[in-house]
Amino acid sequence: MYFLIYTSSAIRLMGDGDLMELLDLCRKRNAKDGISGMLLYKEGSFMQALEGEKEKVKRTFERIQRDPRHKDIFLLRERDVESRCFDGWSMGFKSVVASDLERRPSFAYMSDKLFSSPTFNAKPHIAMKLLQSFHENTR
Ligand code: FAD
């Protein structure tokens, strides 16, 4: 089992319709490939965890990197893992606003930060905790 987290910046702010179209595509494709994970969006920035069979995760990430809808893709962490952390979803999703972070004491100080900011990119363990926190609430 393989796992990775990356952040990126959308080339423009995405509306609910754009995000739902993207999510629908991700979920269909990931369900076929046995990939699970969590996607967060905040003010034009993305954070995503992908997990599954190594080759499938790597191939999916290659496609994601070629996607013209976003840029500045930054890989925070990749590794072999024993088991899934984000099972139950082919791709969990949350469109995050500042107040979602303010309500979580461990993340309140990051409420004004984009996911693509150095604050997150320098702290993969914080990114992982954040993804897990939203995953628990979307189940
Ligand atoms: P095709 O569907 O053949 O498309 C050809 C090209 O057009 C690709 O470069 C594609 O990226 C691009 N494209 C497709 N739709 C649009 C559009 N509406 N606007 C602009 N360009 C477009 N895919 C997954 O399978 N799993 C994921 O978990 C996943 N997560 C993603 C997260 C983010 C933040 C983004 C931006 C994309 C994500 N994708 C994911 C989509 C992925 O980047 C590919 O678009 C998708 O996997 C289809 O790839 P394809 O090579 O079959 O492209």
Side-chain angles (χ1 to χ4, degrees):
M1 188 72 50
Y2 203 66
F3 167 85
L4 66 80
I5 307 178
Y6 74 87
T7 59
S8 67
S9 305
I11 53 145
R12 60 176 176 84
L13 288 179
M14 293 180 88
D16 290 347
D18 301 319
L19 291 166
M20 286 308 114
E21 184 197 334
L22 175 64
L23 193 58
D24 190 47
L25 170 89
C26 294
R27 286 183 170 159
K28 281 188 188 135
R29 191 91 188 218
N30 292 348
K32 246 192 331 194
D33 288 343
I35 288 177
S36 47
M38 186 78 200
L39 175 66
L40 302 179
Y41 175 82
K42 181 172 185 279
E43 297 159 21
S45 65
F46 290 107
M47 179 184 290
Q48 188 176 29
L50 297 169
E51 60 189 8
E53 199 254 306
K54 189 169 187 171
E55 273 313 301
K56 295 265 169 63
V57 170
K58 288 205 165 242
R59 232 174 288 145
T60 300
F61 187 50
E62 280 165 18
R63 288 201 312 276
I64 291 173
Q65 289 179 90
R66 287 196 297 269
D67 197 309
R69 284 170 280 190
H70 63 165
K71 60 182 179 145
D72 302 333
I73 294 150
F74 185 87
L75 184 60
L76 278 76
R77 174 175 280 182
E78 63 176 330
R79 57 169 60 159
D80 292 302
V81 286
E82 294 278 312
S83 57
R84 290 179 196 264
C85 293
F86 299 96
D87 56 348
W89 284 103
S90 54
M91 191 48 61
F93 174 72
K94 171 80 179 160
S95 183
V96 177
V97 292
S99 59
D100 293 319
L101 298 177
E102 281 156 11
R103 274 199 297 276
R104 293 168 159 76
S106 330
F107 306 115
Y109 73 103
M110 295 172 165
S111 62
D112 63 340
K113 302 281 187 297
L114 297 178
F115 293 140
S116 50
S117 75
T119 309
F120 287 103
N121 290 344
K123 296 191 176 112
H125 59 290
I126 299 282
M128 182 64 187
K129 281 196 178 137
L130 187 69
L131 286 156
Q132 279 177 319
S133 156
F134 283 108
H135 177 247
E136 278 157 21
N137 283 287
T138 50
R139 268 197 279 206

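Only this structure's heavy atoms are used, side chains among them; waters, hydrogens and symmetry mates stay out. Every number for a ligand or one of its atoms is a count from 1 in the order of the listing. As the structure is a computational prediction, the values presented were derived from the model and not from experiment.
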Requested in this report: Mind jotting down which protein residues get a heavy-atom contact under 4.0 Å with ligand 1? Chain and number order, please.
Outcome: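 For ligand 1, the residues that come within the 4.0 Å heavy-atom cutoff are Y6, E21, L22, L25, C26, R29, N30, F46, Q48, L50, T60, R63, I64, R66, D67, P68, R69, H70, M91.
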Exercise. Look at R12 together with D18 and state whether they make a salt bridge at an N to O cut-off of under 4.0 Å.
Key: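 Yes.
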Can you confirm whether D100 sits close enough to F107 that some side-chain heavy atom of one is under 4.5 Å from a side-chain heavy atom of the other?
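Not in contact.
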As a test of understanding, state which of Y41, F120, F74 forms a ring pair (Phe, Tyr, Trp, His ring centres under 6.0 Å) with F115.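 Passing option: F120.
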Residue pairs fulfilling side-chain hydrogen bond (donor to acceptor under 3.5 Å, both in side chains) with at least one residue in residues 54-65, sequence neighbours excluded =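 As it turns out, there is no side-chain hydrogen bond (donor to acceptor under 3.5 Å, both in side chains) pair with a partner in residues 54-65 once direct neighbours are skipped.
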Atom pair CZ/CD1 of F86 and I35 - distance to nearest 0.5 Å
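One finds 14.0 Å between CZ of F86 and CD1 of I35.
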Pi-cation contact, F134 with R104 (under 6.0 Å, within 45°) =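 Yes, R104 and F134 form such a contact.
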